[in-house]
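Because the structure is a prediction, the values reported are computed rather than measured. Every chain is numbered from 1 and lettered A, B, ... according to where its sequence line falls, protein lines coming before strand lines.
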Amino acid sequence: MPEGHTLHRLARAVQRRFRGGPLRITSPQGRFAAGAELVDGATLRRAEANGKHLLLDLGEDRHLHLHLGLFGRTTIGEAPAPQPVGAVRMRIETDTAYFDLRGATVCEVLTGTVRARLLSRLGPDPLRSDADPDRAWVRLSRSTRPVAALLMDQSVVSGVGNAFRAEVLFRHGLDPAQPGRDLTKVTWDALWADLSLLLADGVRTGRIRTLRPEHGRNRRTGPRHYVYRRAGERCLVCAQPVSVAELAGRRLYWCDSCQAR
DNA sequence: GCCTTATGTTCAC
DNA sequence: TGAACCTAAGGCT
């Protein structure tokens, strides 16, 4: 479930369970064998997330960079680690815990210089206290691209994925096709604040919860989102069918009536 | 079992 | 714009 909240949640868990060391780092599947050799036996100084990237500082100018992509999955558990089943790209073990990574898009060791270059490409992350939303506003307010595309562009804002994109636009009644430069600063500030709240809730709960209480936030059954993955179903607010369209290779969901310009 | 889909990114054309 | 990457889950048969 990799949007930004997943990675921040993971960073916290890794920091709590694996700080210190030494760490036994291996690649049972073999695809990360060379990288694992570089960092096996290292000590974890710090684990942090930037957008959807997880970075582990292992000292001696070695930074383990993970990106889950669409398929990446992680498992954290108590030692002893079970016999690896299937494609475990990387395993980190201590005497008390283990961490398994499968299916990730990226698993590599970077120098501090390359790490800095990577981070410089990312827009502000609503989950980070050092983020500057005005940097995103500069991009948004000058762009003719649809706001729905800009929110998914990690160099504009980092950490927002398809689910949060659809939901936050619905919560603010915004037409996804509206060009970025047509947004007001007030609207952007509200979007940013809402993204910060929604993502932070995701870090706490491990889920994407976007419904307001009056629309079933605490209900156990029924829809969990306003529009995301609800194509053709009734909008929770106006009962019109939810729309879906392909935008830049991803499915975009919205309510034509609640999100009219 | 097989087929589809998926909360993502990069690269080739 | 489309394919490739790569794994798991859910719906279907």
By the 4.0 Å heavy-atom rule, please label [X] as base, sugar-phosphate, or nothing.
| X | result |
| --- | --- |
| A:E167 | nothing |
| A:Y253 | sugar-phosphate |
| A:A87 | sugar-phosphate |

*For DNA chain B, what residues of residues 100-107 of chain A have any heavy atom nearer than 4.0 Å?*
A:T105

*In residues 149-162 of chain A, which residues come under 4.0 Å of DNA chain B by heavy atom?*
A:Q154, A:G161, A:N162

*Where the side chain of A:R121 is concerned, which of B:dT9, B:dA6, B:dT10 is the nearest nucleotide?*
B:dT10

*asked:* Counting only side-chain heavy atoms from C-beta out, which of B:dT9, B:dT10, B:dT7 sits nearest to A:Y228?
replied: B:dT7

Roughly how many Å is it from [atom1] in [X] to [atom2] in [N], rounded to a whole number?
| X | N | atom1 | atom2 | value |
| --- | --- | --- | --- | --- |
| A:E3 | B:dA6 | CD | P | 13 Å |
| A:H67 | C:dA4 | NE2 | P | 21 Å |
| A:M90 | C:dT7 | CE | P | 14 Å |
| A:I208 | B:dG8 | CD1 | C1' | 13 Å |
| A:H53 | B:dG8 | NE2 | P | 12 Å |
| A:R73 | C:dA8 | CZ | P | 8 Å |
| A:N50 | B:dT9 | CG | P | 13 Å |
| A:L252 | B:dG8 | CG | P | 13 Å |

_Residue-phosphate contact under 4.0 Å: A:R250 side-chain N/O, B:dG8 OP1/OP2_ = yes

_Under 4.0 Å from OP1 or OP2 of B:dT9: is there any side-chain N or O of A:K52 that close?_
yes

*Which atom names give the shortest non-hydrogen contact between A:D40 and A:L23, and what distance separates them?*
OD1-O, 3.6 Å

*A:V203 to A:R9 - nearest heavy-atom pair and separation*: O-NH1, 2.7 Å

Do we see a donor-acceptor contact under 3.5 Å between the side chains of [X] and [Y]?
| X | Y | value |
| --- | --- | --- |
| A:N162 | A:R251 | no |
| A:T96 | A:R17 | no |
| A:D256 | A:W254 | yes |
| A:S257 | A:Q240 | no |

*Rounded distance [0.5 Å steps], CG in A:L56 versus CG in A:L64*: 5.0 Å

*When rounded to the nearest Å, what value does the distance between C1' atoms of C:dT1 and B:dT7 take?*
23 Å

*Could you give the distance separating B:dT10 and C:dA8 at their C1' atoms, to the nearest angstrom?*
22 Å

_Nearest-nucleotide comparison on DNA chain B, the residue closer to the 5′ end among A:A248 and A:R229_ = A:R229

*Mind telling me whether A:F18 and A:F99 have parallel, tilted or perpendicular rings, with 30° and 60° as the class edges?*
perpendicular

*Please list, chain by chain and in numerical order, all residues satisfying side chain to side chain contact (heavy atoms under 4.5 Å, CB included) with A:D201, sequence neighbours excluded.*
A:R204, A:T205, A:R209, A:R217

*Check step by step if salt bridge (charged side-chain N to carboxylate O under 4.0 Å, His left out) holds for A:R115 and A:E48.*
CA-CA 12 Å; A:R115 171 185 179 277; A:E48 64 175 318; 2.6 Å; yes

